[in-house]
Every structure is written in C-alpha cells, then in structure tokens.
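Each remark here refers to the structure printed beneath this line.
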Amino acid sequence: MAKKPTKSHIKKIKSALEQEKEKLFHQVEELKKDDPFSDPDHASDNAAIDTDVREQVGHETIVAQIKSLQRRLADIDTALEKISKGKYGLCEKCGMSIPQARLKLIPEARWCVSCYQSLYK
Ligand SMILES: [Zn+2]
C-alpha cells in the first residue's frame with residue numbers, strides 16, 4: 001500500500017501548482033504577444049510572400065506552444081480540484097495511488113504510469 005501524501009505535503013504541492021499555473025499563464029501571454037498574427041498591422045501590411053510564410057510558420061509554432069501550455073494549465077486545474085476534494089494523488093482511471101516519485105516529477109499527473117501508458121498506446 002503506497003503512502004498517502006500528508007496534509008502539509010499537499011499544502012506544498014498546492015502552492016507549487018498555483019505558482020506553476022501563474023508561470024504558465026504568463027508564458028501564454030508572452031507567446032500571444034510574439035504571435036505575428038496578433039499584430040494589428042498584419043492584415044494590412046504589404047509584406048512580401050516570404051514574410052507571410054515566415055509569419056505563418058511563426059504563428060503555427062506559437063499556437064502549438066500555447067496549446068500545450070493550456071493543456072498543462074487544465075491538468076493543473078484538475079489537480080487543484082482533486083486536492084480540494086481530497087482525491088489528490090489518485091489515478092483518475094483505476095483509482096490507485098499514483099507513486100510519490102511520479103508526483104514529484106509531474107505534480108499535476110492525472111494517471112498512474114500504467115494507465116497513462118495505456119492511454120497513449
Ligand atoms: Zn491507474
């Protein structure tokens with residue numbers, strides 16, 4: 001039987017998750033600023049085609065980065081919700097305790113290793 005995280009441990013995790021959330025939010029904001037498509041002059045500029053292509057690629061990279069950050073944000077929200085329900089550290093699929101070593105690495109982990117692997121097979 002795996003040891004359950006203690007209350008003070010949970011408290012630490014919670015503040016770490018909240019800090020991480022803030023950091024990710026900030027990163028998303030920064031990325032949005034870097035997005036060439038967010039430039040209000042973009043639509044009206046008479047840029048050469050190669051500039052347009054570069055902007056398109058830049059835009060797509062940024063969108064992909066934002067998406068992955070937002071996925072992490074959603075996972076962190078889920079983790080925070082689980083903390084408030086007293087279910088933190090339990091796998092969402094099989095209900096088993098997620099090993100501490102894994103939670104240390106990925107505090108917002110939603111599944112145990114074997115469920116995670118079966119999800120992405
Ligand atoms: Zn599981």
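Positions are given from 1 along the sequence. Atoms within a ligand are numbered from 1 in the order they appear, just like the ligands themselves.
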Note, Tyr88 side chain near Leu103 side chain (heavy atom, < 4.5 Å): yes
Side chain to side chain, Ile106 and Arg102, heavy atoms closer than 4.5 Å: yes
Close side-chain approach of Glu30 to His26, heavy-atom, < 4.5 Å: yes
Residues forming a side-chain contact (heavy atoms from CB on, under 4.5 Å) with Asp77, sequence neighbours excluded: Lys21, Leu80
Metal environment of the Zn ion (ligand 1), protein N/O/S under 2.8 Å: Cys91 SG, Cys94 SG, Cys112 SG, Cys115 SG
Heavy-atom side-chain proximity of Ser118 to Lys93 below 4.5 angstrom: yes
Ile49, CD1 atom: more than 12 neighbouring heavy atoms under 6.0 Å: no
